[in-house]
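Down below is the structure, laid out as C-alpha cells.
Nothing fancy with the numbering, it's 1 onward along the sequence.
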Amino acid sequence: MAAADHRLLALKAFDGTKAGVKGLVDAGVTAVPSIFHHQPDHRHRHFTVPVIDLSAVSSGRAAVVAQVKAAAETVGFFQVVNHGVPEGAMSAMLSAVRSFNEEPVDAKAPYYTRDRGRRVRYQSNVDLFTSPAAQWRDTLFMEMPAEPQELPAACRGVAPEYAGLVQERLGRTLLGMLSEALGLRHGYLEEEQRCLEGVSVAGHYYPACPEPELTLGTIGHSDTTFFTVLLQDAVGGLQVLVEDDEDREQSAWADVPPAAGALVVNVGDFLQLMSNGRFKSVEHRVVANSVGPRVSVACFFRPAGAASSTRVLAPIVSDGDGGGARYRSTTLQELIRQHYRVKGQRARHLSARPLQALNLIQNVSLLDRFQINRWSFHMLFSAPSVPLPTEF
Ligand code: OGA
Ligand code: NI
C-alpha cells in the first residue's frame, strides 16, 4: 500500500476513536505516531513580549495607547495585566476545559465532530485531514453565544461567563485603544467596524508528550481573527516568530512565558488587513512538552457562521507611509480559505525540503496573497482609485 494510503488509514483510525490525543496518552503510547511527526525547527531567540498594565488607562491613557500601538506595529503580541477579567473567572475557565477533556471518552464522544455547522465541536486537529502533520492537541470549540444545552456540562456556566467578561471588560478597552492607535476615534473599530460582535472560544488541551521534539502542540500559524485573547496555564510552550528587521533570515521563535494573572493579546489577520499593514498578525506556535497537560483558552474575535461568508474586509486607513490600500478587499470566508491553503502548502514545503524551504517560505505571510499588485491578483482585482485618508 502506498505511504499516503497508510497515512490516511492511520488518520481515520485516530479520528474514529473520538478520543483525541488524550486517548493515545491514556492508552499508554511511549512513541509519537508518525502522523504527528513534524520537521524540527529549533530556531530560538530571546525576546520579551511587552507586558502592559491596563490599570494605568484611566490616569495615563496616552502612554498605554502608545505601548499598545508599538506592540501591535511590531511583534503583534503583548500581555496585559489588570485587565478587568477576574482571576477567579480565568482559573474556572481553565479548570472547565481540563475537566471536560478528562471525562471518559463516552461522555466526550457526542461532541466529537468535524461538522462546521455545529456551534460546539470537540475534535483533535481542525485540519487533521489537510495538514501534512497532526498536532499534539485536542480542542473544544464553542461559538458564542451558545445555548446552555449545547455546551458540555463542564463548561455550561463558565464558558459564556468568561467569554462575556473578556468581551466586555477587555475586548472593548482594547478596541478603543487600537482605534486610537490607528488615529481613529475611540469607538471606531467597535461601532463602525463591529469588531466586538462575534467571539468564539477554543479550549485547548495539550497532553504530556513522550517525544516532544518529534511533534508540535500547535503548528506555526497566524490567527484568522480581528484579535485574539489567550489565557494560558503555567506550563508554557507558546512561542512567537520574531523577525529581525535587518536580516529576515534571522527570524526565530521567542517564548511567550506564562505570567501570573496575565492574558496574551495578539493581532489577527483581519486587523492587519484593515490597518493596511500597520498592525502585524504574527505567526505563533506551541511546542509539545513532556510536562502536561497544558491547558489554554483562546477567545477569537471574529464573526461566526453565515456572517463570515458575506462580511467584506478592506483597509480602513492609509498605510504607515501615508500610501493607499496595500490589500485588496476580500470576504472573511475567502481569507479563511486562503489561510488553510497557505498553511498546508508551507508545511508541505517544509517536509519536502526543510532547510531550503524554511527561510523562503516562512517569511511569506498569508496576507501577501491579498496584496495589491502581486502578480497572482492584479489580473483579477484592481486597487481602489481613491487614496485612503490617514484619519477618519
Ligand atoms: C490558537 C493559538 C495558542 C495556545 O488557538 O490560535 O495560537 O497557547 N493557541 O494554545
Ligand atoms: Ni493562534
Taking every non-hydrogen atom, the tightest pair across P207 and V21: CG-CG1, 3.7 Å
Heavy-atom closest contact (A96 atom, A154 atom, distance): CB-O, 3.3 Å
Trace of the side chain to side chain contact (heavy atoms under 4.5 Å, CB included) decision for D255 with L238: CA-CA 6 Å; D255 295 326; L238 176 64; over 6 Å; no
Residue pairs, two or more places apart or on separate chains, that pass salt bridge (Lys or Arg N to Asp or Glu O under 4.0 Å) and touch residues 58-71: R61-E180, K69-E73
M177 reachable from I52 in the ILVMFWY side-chain graph, under 4.5 Å edges: yes
Main-chain N/O of Q135 paired to N125 side chain as donor or acceptor, under 3.5 Å: yes
Hphob cluster co-occupancy, L216 + L128, side-chain heavy atoms under 4.5 angstrom: no
CA sep, side-chain torsions, deciding dist, call: L263, L230, side chain to side chain contact (heavy atoms under 4.5 Å, CB included): CA-CA 6 Å; L263 289 165; L230 183 89; over 6 Å; no
Reported CG-to-CG distance for the pair L332 and L313, which is rounded to 0.5 angstrom: 4.5 Å
Residues that S34 engages under side-chain contact (heavy atoms from CB on, under 4.5 Å), provided they are two or more places apart: H37
Pairing residues for Y162 by the ring-ring contact (aromatic ring centres under 6.0 Å, His included) criterion, not counting sequence neighbours: none
Contact summary for A254 and V242, nearest pair of heavy atoms: CB-CG2, 3.7 Å
Linked, directly or transitively: V286 and V75 (ILVMFWY side chains, under 4.5 Å): yes
Non-hydrogen atoms of M142 and M93 that approach each other most closely: CE-CE, 4.2 Å
Nearest-0.5 Å distance that lies between atom CG in L184 and atom OG in S179: 6.0 Å
Point-to-point distance, once rounded to the nearest 0.5 Å, from CD1 of I35 to NZ of K12: 13.0 Å
Any donor-acceptor pair under 3.5 Å from R285 side chain to Q239 backbone: no
Short N-O contact, R118 and E143, less than 4.0 angstrom: no
Shortest non-hydrogen separation from T228 to A298 and the atoms involved: CG2-CB, 4.1 Å
Step-by-step side chain to side chain contact (heavy atoms under 4.5 Å, CB included) determination, H204 to V295: CA-CA 6 Å; H204 300 302; V295 176; over 6 Å; no
Worked verdict on D115 versus T113 for side chain to side chain donor-acceptor pair (under 3.5 Å): CA-CA 5 Å; D115 177 357; T113 180; 4.9 Å; no
Any residue meeting side-chain contact (heavy atoms from CB on, under 4.5 Å) with E161, in chain and number order, not counting sequence neighbours: L165
T224 side chain to I336 backbone, donor-acceptor under 3.5 Å: no
Salt bridge (charged side-chain N to carboxylate O under 4.0 Å, His left out) involving K280 - partner list, sequence neighbours excluded: none
Contact check, side chains of L170 and V80, non-hydrogen atoms, under 4.5 Å: yes
Salt bridge (Lys or Arg N to Asp or Glu O under 4.0 Å) pairs, two or more places apart, involving residues 199-224: none
Sequence-distant partners of R337, side-chain hydrogen bond (donor to acceptor under 3.5 Å, both in side chains), two or more places apart: E334
Results of salt bridge (charged side-chain N to carboxylate O under 4.0 Å, His left out) for E190 - residues two or more places apart only: R172
Contacts of H44 that satisfy ring-ring contact (aromatic ring centres under 6.0 Å, His included) - sequence neighbours left out: H46
N/O donor-acceptor pair under 3.5 Å between Q79 side chain and P257 backbone: yes
Pairing residues for E192 by the side-chain contact (heavy atoms from CB on, under 4.5 Å) criterion, not counting sequence neighbours: R185, Y188
Exam field: side chain H83 to backbone R169, donor-acceptor pair closer than 3.5 Å: no
side-chain hydrogen bond (donor to acceptor under 3.5 Å, both in side chains) partners for T218, two or more places apart: R137, Y206
Between F301 and F227, ring centroids under 6.0 Å: yes
Close side-chain approach of D233 to S296, heavy-atom, < 4.5 Å: no
Separation of R326 CZ from S318 OG (nearest 0.5 Å): 9.5 Å
R194 side-chain N/O to E191 backbone N/O, donor-acceptor pair under 3.5 Å: no
Donor-acceptor under 3.5 Å (K18 side chain, V105 main chain): no
Side chain to side chain, V51 and F78, heavy atoms closer than 4.5 Å: no
Heavy-atom pair with the smallest gap, counting every atom of P160 and C155: CD-O, 3.6 Å
Close side-chain approach of R294 to N289, heavy-atom, < 4.5 Å: no
N/O donor-acceptor pair under 3.5 Å between R119 side chain and P145 backbone: yes
Worked check of side chain to side chain contact (heavy atoms under 4.5 Å, CB included) between F14 and F36: CA-CA 11 Å; F14 168 66; F36 292 93; 3.9 Å; yes
Check: E283 side chain, L241 main-chain N or O, donor-acceptor pair, under 3.5 Å: no
S281 and N266, any side-chain heavy atoms less than 4.5 Å apart: no
Atom pair CG (D138) and OH (Y205), whose distance is rounded to the nearest 0.5 Å: 8.5 Å
Inter-residue atom distance L189.CG - L271.CG, 0.5 Å rounding: 6.0 Å
Flag side-chain contact, heavy atom, 4.5 Å: E102 against K22: yes
Residues in side-chain contact (heavy atoms from CB on, under 4.5 Å) contact with P258, at least two apart in sequence or another chain: Q232
Between F100 and Y122, ring centroids under 6.0 Å: yes
In one Ile/Leu/Val/Met/Phe/Trp/Tyr side-chain cluster, 4.5 Å: V158, V229: yes
Check: L140 and P152 side chains under 4.5 Å, non-hydrogen atoms: yes
pair V201-M144: side-chain heavy atoms closer than 4.5 Å: yes
Hydrophobic cluster membership, V235 vs V297, 4.5 Å side-chain cutoff: no
Short side-chain to backbone donor-acceptor contact, T139 and F141, under 3.5 Å: no
